[in-house]
Asks: 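One structure follows; several queries about it will come next.
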Amino acid sequence: MPTQADGTRAPGPYHERSFYNPGWADSRARFLIVRLSPFRDVERSAPHGFLYREMRAAMPDAYIDFSFFPASRDRSREAVDGVPTMRGVASARPAADFDAIFISNAYTLELVNLVPSLAGSGIPATRKSRELAEAAPGGKVRYPLIVLGGSNAMASASVYDEPSGDSIVDAVYFGEGEGAVGALAVAIAGLPAASRRDAMPGIGSEVAGFWACASRGPVSQAKAIQDGYPLAPPPVFAGEEAGTVRLEITRGCPSFCTFCFEGWERKPYRETPIEAVLAEARSLKARTGASTVELASYNFNAHSRIVDIIKGLHGLFDVVNFQSQRVDILARSPALVRFEIAAGKRSFTVGVEGISARARSYFNKELSEADLRAVLGRIIGEGAREIKLFYILSGFEDGQDITEFSAFTGWLRAAVAERPAGSRPRVMVSAGELIRMPFTPLSYEGLILDPIPYRAIAARLKEITGHDGFEYRSPESFDEYCLSQVLALSPPGSMALLLAMAGHGYVYDRSLSKGAWIFAKGWLDARDALGATFIGEKSRDYPFAYPFVRPIASKDVTWERFRDARAARERHSCLGASCAGCGACSDGERAFLEAHAIDTVSESDMHDIEAIVAAKRRPQELYIRAALSRASAQAHPAYAAAQFLCGLYAVVPSIVSVVWRAEDAFLASSEGLERLPGAWGDTCYRLLSSKPLDVATLETAGYVVVEQAPAPERVQIRIYLPGTGLSDAVRLVSDFMTAAAMPFTLLKTAGETRFAISGKGLRKRNVLEAAVVAECVAEVPTESPGGYSIALACGPKYDLGDLATLAAKRRIALDLHVALY
Ligand code: SF4
């Protein structure tokens, strides 16, 4: 992000208004929400947005910022420049300036990045070292309090060292945060300044699920205490997902798969009423300018009103995406596949998990071979383009299991072949090693950290799928599986391992640093941490990590389910059936689950969805002039389009339910980005809607409606060259004009260098007039003061793509402003 001449950070896509922040100095408290993965990898996920909404609703006067783990290239550059690893994307302030850091931990391997993030931000890596530093004479040092939560919190025990009581973070939040995170933020902001650390454990009595690491528990995993959605709008980030909102329609999981972390950690299954879902969808659309909605629930098709929800969302949004669904529900609701295909779904992800009936019983998958084939037959028959089959390998699969798998893929090949050539789905098979997650039945199972049994099974599956014409993938490397497994169950010494790994520079960024597992294994072996007690099958009273955490589902039931799994005894889900006594429900929740009925699709539903989707192929169209800001031009076009719609909806709310999407029809269109790269200034949006928009209403609101996308005869362009000298500026334009066969003569006067373009050059109708002028425009962000600008008048064939490429090669920063009207 550029810096202005006065040393302050220039406004970029994440200027403070993006997150509704007060001024830094005026804020009541300052919170940094941290993801331990790079932005590109978590852009599509919702937890950090959820955290923000909860905190913002509770504390409108807090400064809330975000930080993402820097991607590899940025890490190297920032290390050289001394930039802190964790810093706010809006404030650009280092993590150490905040009052508290909320880490949203989504999966176990992310924890490898925790210590490097702290160390790279000048924050001591353990709680006790921070306390010591703060207690030093003078008392000038004050580090932010660090709270870890998120879907991996129950498997985050490697951040805590039980024998010493030390920890990497200051507190952990276990469980669902709906209705609690805001109260937690308020409680942290209210801690007495002089004794915040001492007072921290007291928050546990106000906020269920909160555990200050300085205390030894016990703590109960929290269940959402709020049914509705957070009141604050979600943050909009300047990435390609800016036009997508994620909407949770159900909470928790009704299944009891023995391997599944979410199935045990997120209980019970709950539904948001359709009225609240659709109201929230409309509100999200109005407040973010989104045109795509994605159902963010584990098992969206379990919702008892899923058909009406999909229809309702399709009426509101241009695109409705839904992915994670239960296969057994597809089997029991036969027309659902056809409905989903009619609603635009083309790719189906099917979690088969076990390669045979026996393996599926072990996983308590409740999926018979007959149901699996019936569902896949429907998916293929209805014309899906892609089928992804996910499997989990326990390492115990034998020849009989593999023979059964082979019979299945043979059947699948024949089923696919029945489709006409050209309309057959692409089939991908993915099989990963089973991680025995804590608090699940299979946490008691023995571990296999030896690649040989897995490799033998995977090799056979790959051979079989390849023979049947399908693609085969392994989702992660064996090293990553091993480290995930070990950290998830956290043998003694795991926290010291994380510290040691950070000391050797190991991180996880899409893959684990080379040699990380070999180092970790050697380190743990040297301390005898991977002995038979940890690796072998565990007894009922095995001392698992986080022994003081009371999970939402009873440990007795978890143990019983392990015994069932070993005996291949499947137990039914309580969805629409009787309670199995896991202990997660209130009376009302139990009654809801027992009475639950899955949704079905009528002919009228099919007719409705087909009509909505058909209408989207014939949208109403209208063009509106707009200004693309410099900050938005730096971001993905989806961000600018969402910002434009957001502004439009704010002044003309009546069109929220009618407009499907907006797309830039000039500067940030694909052609515009090629011909005028990175330009800001006058542009135009194409609006697509289900009904004609009232032009008079738009004009009254101050918008200028035009008949078509701009096809200008003349474009005024000013290119600011911050920090570039006259000779470099003239050479840049000269070389560009020469390469583009636009001969010219240079005319130098006191204030400018003019390019008199020959007749041959003018006939190209690209650059018509050009001059380099001495000009330092005050509002232009600049790394160094001074500079020149290029004033251009271009014809209808304007194209400055090569000029931008040339400037990039010469490391000349361009700031390109376009005026049309
Ligand atoms: S308490 Fe009973 S009804 Fe509720 S999730 Fe557990 S098994 Fe199902």
Side-chain angles (χ1 to χ4, degrees), residues 151 153-155 174-180 208-209 218-227 248-273 296-306 324-329 331-333 351 353 360-367 437-444 540 544 549-599:
S151 53
M154 298 284 281
F174 298 101
E176 296 172 338
E178 287 86 347
V219 58
S220 295
Q221 187 190 354
K223 202 160 87 175
I225 53 176
Q226 181 176 295
D227 279 342
E248 192 180 62
I249 63 171
T250 66
R251 254 183 223 149
C253 178
S255 300
F256 287 93
C257 300
T258 51
F259 64 89
C260 181
F261 194 43
E262 287 79 12
W264 290 85
E265 186 249 1
R266 294 292 308 271
K267 281 220 153 0
Y269 169 79
R270 289 141 291 171
E271 292 181 357
T272 306
S297 302
Y298 295 128
N299 296 301
F300 75 84
N301 66 349
H303 199 293
S304 49
R305 299 289 306 280
I306 187 61
S324 178
Q325 60 182 326
R326 282 179 51 155
V327 193
D328 59 325
I329 289 180
R332 283 152 59 197
S333 184
E353 320 302 7
R360 289 195 290 277
S361 288
Y362 176 66
F363 292 144
N364 201 72
K365 185 64 192 164
E366 296 187 78
L367 178 61
M437 292 299 281
F439 301 102
T440 67
L442 292 188
S443 62
Y444 294 96
R540 184 176 195 153
F544 284 105
V549 177
R550 276 195 297 263
I552 204 87
S554 106
K555 287 183 180 175
D556 290 342
V557 171
T558 310
W559 167 256
E560 289 307 324
R561 290 302 175 100
F562 169 61
R563 306 290 298 157
D564 289 339
R566 293 303 298 261
R569 270 192 306 267
E570 282 202 81
R571 305 276 186 194
H572 290 303
S573 161
C574 50
L575 191 69
S578 54
C579 170
C582 84
C585 283
S586 65
D587 289 347
E589 287 165 341
R590 193 178 303 108
F592 159 77
L593 271 164
E594 290 183 342
H596 183 278
I598 59 168
D599 206 359

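Treat the numbers as computed from the prediction; the structure is a model and nothing was measured. Counting starts at 1 for both ligands and their atoms, in listed order.
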Asks: For ligand 1, which atoms, with element, lie under 4.0 Å from some heavy atom of G583?
Replies: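 Per the distance check, 1 (S).
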Asks: What atoms of ligand 1 come within less than 4.0 Å of a heavy atom belonging to A580?
Replies: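 Heavy-atom distances to A580 below 4.0 Å select 2 (Fe), 7 (S).
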Asks: Would you mind running through ligand 1 and noting each atom that sits below 4.0 Å from a heavy atom of C574?
Replies: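 Per the distance check, 3 (S), 5 (S), 7 (S), 8 (Fe).
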Asks: Quick check: does C585 put an N/O/S atom under 2.8 Å from atom 4 (Fe) of ligand 1?
Replies: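 Looking at C585, which is the residue asked about, there is an N, O or S atom under 2.8 Å from atom 4 (Fe) of ligand 1.
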Asks: Keeping S297 on the side-chain end and I249 on the backbone end, is there a donor-acceptor pair under 3.5 Å?
Replies: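 Side chain of S297 to backbone of I249, a donor-acceptor pair under 3.5 Å: yes, one is there.
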Asks: Regarding S304 and E271, is there a side-chain donor-to-acceptor distance under 3.5 Å anywhere?
Replies: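 Indeed, the side chains of S304 and E271 share at least one donor-acceptor pair under 3.5 Å.
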Asks: For the side chain of Q221 and the backbone of F174, is there at least one donor-acceptor N/O pair under 3.5 Å apart?
Replies: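 Between the backbone of F174 and the side chain of Q221 there is no qualifying donor-acceptor contact (under 3.5 Å).
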Asks: Taking R571 for the side chain and R569 for the main chain, is one N or O donor matched with an acceptor at less than 3.5 Å?
Replies: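 Checked: no pair found.
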Asks: When you measure from the side chain of R360 to the backbone N and O of L367, does any donor-acceptor pair fall under 3.5 Å?
Replies: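 Confirmed, R360 side chain pairs with L367 backbone.
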Asks: So, S578 side chain and C574 main chain: donor-acceptor pair closer than 3.5 Å or not?
Replies: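 Pair absent, no side-chain N/O of S578 close to backbone of C574.
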Asks: Check each atom of ligand 1 against the heavy atoms of G581 and keep those under 4.0 Å away; list them by number with element.
Replies: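 Ligand 1 atoms under the 4.0 Å threshold to G581: 2 (Fe), 7 (S).
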Asks: Give the residue and atom name of whichever protein heavy atom lies nearest to atom 2 (Fe) of ligand 1, and the separation in Å to one decimal.
Replies: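 Of every protein heavy atom, C579 SG, 2.4 Å lies nearest to atom 2 (Fe) of ligand 1.
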Asks: What atoms of ligand 1 come closer than 4.0 angstrom to any heavy atom of A584?
Replies: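 Those atoms are 1 (S).
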Asks: Which atoms of ligand 1 have any heavy atom of R590 under 4.0 Å away?
Replies: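 Once the distances to R590 are compared, the set is 3 (S).
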Asks: So, T250 side chain and Y269 main chain: donor-acceptor pair closer than 3.5 Å or not?
Replies: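 Looks like no, no N/O pair under 3.5 Å.
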Asks: Can you check which of C582, C253, S586, P254 brings a heavy atom nearest to atom 5 (S) of ligand 1?
Replies: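 Considering heavy atoms of C582, C253, S586, P254, the nearest to atom 5 (S) of ligand 1 sits in C582.
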Asks: Once you restrict to heavy atoms under 4.0 Å, what part of F256 touches ligand 1? Side chain, backbone, both or neither.
Replies: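 Within the 4.0 Å criterion, F256 contacts ligand 1 through side-chain atoms alone.
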